[in-house]
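Heads up, the thing below is written out as structure tokens.
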There are 2 protein chains.
Amino acid sequence: MQKDLTLAEQTERKILKYIAEKGFQTGDALPKENELSEILGVSRVVVREALSRLRILGFVETRRKRGTVLTSPNIFYGIKTILTSGTLDKDALKDLYEVRLMLEIGMADFLFMHREERYLAELQKIISEENVTTDSEMLTRLDIRFHSTLYKMSGNKSLFAFQNLLNTLFATFAPRRKDWKVKQIISHESLLEILRSGTPDSFRVAMRLHLNTRFENMHTLFLDKEATPANPS
Amino acid sequence: MQKDLTLAEQTERKILKYIAEKGFQTGDALPKENELSEILGVSRVVVREALSRLRILGFVETRRKRGTVLTSPNIFYGIKTILTSGTLDKDALKDLYEVRLMLEIGMADFLFMHREERYLAELQKIISEENVTTDSEMLTRLDIRFHSTLYKMSGNKSLFAFQNLLNTLFATFAPRRKDWKVKQIISHESLLEILRSGTPDSFRVAMRLHLNTRFENMHTLFLDKEATPANPS
DNA sequence: TCATTCTATTTGTAGTACATAATTTGGAAA
DNA sequence: TTTCCAAATTATGTACTACAAATAGAATGA
């Protein structure tokens, strides 16, 4: 056992263990802070700190008088704080940007697994709106909606949550080039067509081409270690 | 402003804001708890709770006497607690399993970007060891090392950290079929050959085939919602 | 100069008291 | 009896205090 852990951290694990042993389910109420303090043999301050840590991870929620109740842990609950804190360094941002590109290309198989008409219709609707729009900001929003729909279509709820986070992150951080739409090799329309009658492999090839501007954009955003591209005009 | 936030949570954000405003860098020391307590106008208990939350997110580290120092936030720091807590439900596990498959297929471009000889040599070495081994457990370890090396080669440190977590998670959770090695369509050797002289597109196709057993395994692991595969023998 | 001990400082833990909010209870009015 | 409002209850939230533990850095000695 690592003994260099804080008592609060040890208590955090003890509580998790306690939860697992007692077979608590989502929605169940934990013992009150004072009771936990007695059960675990530590002061209430420590119990509170442990609970606070579990809260930030999304394990529990606490409400006055009601007590502490178990919630299903959301993996991205804590990540959100990091992403929105504005303290991420450029390397971490680059990593996230890359991960998103990987996911969009790699999700092809799962898109074809969950290829339901409602999703295809939604994609079609977005494309229709794109075709009658010239406003650049609107086009960006539609682009985000298109890709967001793909994430939804992947059937992976955690992934969808993650993507939503990234959207808010990169919306403020990584502004697009003005000509991003013009330069795209493969259109949303082509992607949809492949979704309808293609294969995961052909979709990956198409998506890679579709994202080509993003790959190039990435270099200008992150690879200039010397320059200071903090606020590109 | 959301006023339903706990003082500790508000303080957590205030501290983040304070860090951002003062331009603190990784490695810098924050003001001491008592000073922060004065600066922010809350008691030290609250400051400590806020710092504890930041600690679990990997924003800061604290050591006795040394004080609180900024560390570069590791996105996966908090996730680790969740993953190792044993409270993840099957849906979340399935999500993670899927994400890993997506990443391995989607990372192709980045592998080719960082195609250095040392990585290729490492992969070659693993393959050589595989060829002289018959022990099934050893082969599994080598398989993990092979894929782990790919993650390293992707040049994405966050991703590498994430993958390490998933390894420990699925090592205990998702045992492999005994015949996983036999059934593989594309060998590690072929993958390496493609890394040397192929393209990202051809690598993706090969990796998809290589992972085919995983895709099939996934169904038996997660899709039996009725059955209880908690402890498969 | 180097090793050792001491000291001052800072985080870690505990106990207590009170504030605050929400649930529950109890009583009064319809 | 039912409805509604108010007070009591109760659990979390905040604050203050005191002391323990650890350790960086100063002081001391060989």
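Here is how names work: the chains are called A, B, and so on, in the same order as the sequence lines, proteins then strands, and each is numbered from 1. Basis for what follows: all heavy atoms, side chains included, without hydrogens, waters or symmetry-related copies.
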Exercise for review: Using whole Å, report how far CZ of B:Arg48 lies from P of C:dA14.
Suggested key: 11 Å
Review point. Are A:Glu98 and A:Lys94 ion-paired here, with the side-chain N under 4.0 Å from a carboxylate O?
Key: yes
Exercise for review: Could you tell me the separation between the CG atom of A:Asn34 and the P atom of D:dT9, rounded to a whole number of Å?
Suggested key: 18 Å
Review point. In terms of side-chain geometry, is the basic nitrogen of A:Glu122 or A:Arg118 positioned less than 4.0 Å from the acidic oxygen of its partner?
Key: no
Review point. Using a cut-off of 4.0 Å on non-hydrogen atoms, how would the nucleic acid contact of B:Arg44 be classed: base, sugar-phosphate, or nothing?
Key: base
Check your understanding: Can you find a heavy atom in the side chain of B:Arg100 that is under 4.5 Å from one in the side chain of B:Glu104?
Key -> yes
Point to revise | Interatomic distance, A:Arg63 CZ vs C:dT20 P [rounded to whole Å] | key: 20 Å
Check your understanding: Expressed in angstrom and rounded to an integer, what is the separation of B:Lys14 atom NZ from D:dT14 atom P?
Key -> 11 Å
Practice item. Using atom CD of A:Glu9 as one end and atom C1' of C:dT11 as the other, report the distance to the nearest whole Å. Key: 13 Å
Review point. Between atom CD in B:Glu49 and atom P in C:dT11, what is the gap in whole Å?
Key: 17 Å
Review point. Rounding to a whole Å, what distance do you find between B:Lys65:NZ and C:dG12:P?
Key: 14 Å
Practice item. Return no unless some side-chain N or O of A:Thr62 is found under 4.0 Å from OP1 or OP2 of D:dA11. Key: no
Review point. Is a donor-acceptor contact shorter than 3.5 angstrom present between the side chain of A:Arg64 and the base of C:dT20?
Key: yes
Point to revise | Residue-phosphate contact under 4.0 Å: B:Thr6 side-chain N/O, D:dT12 OP1/OP2 | key: no
Practice item. Report yes if the side chains of A:Glu33 and A:Thr62 come closer than 4.5 Å at any heavy-atom pair, otherwise no. Key: no
Point to revise | First of A:Arg66 and A:Leu7 reached from the 5' end of DNA chain C, by closest nucleotide | key: A:Leu7
Point to revise | Straight-line distance of B:Arg53 CZ to B:Thr6 OG1, nearest 0.5 Å | key: 7.5 Å
Check your understanding: When all nucleic acid strands are considered with a 4.0 Å heavy-atom cut-off, which category describes B:Val46: base, sugar-phosphate, or nothing?
Key -> sugar-phosphate
Check your understanding: Atom CZ of A:Arg55 to atom P of D:dA11: distance rounded to whole Å?
Key -> 17 Å
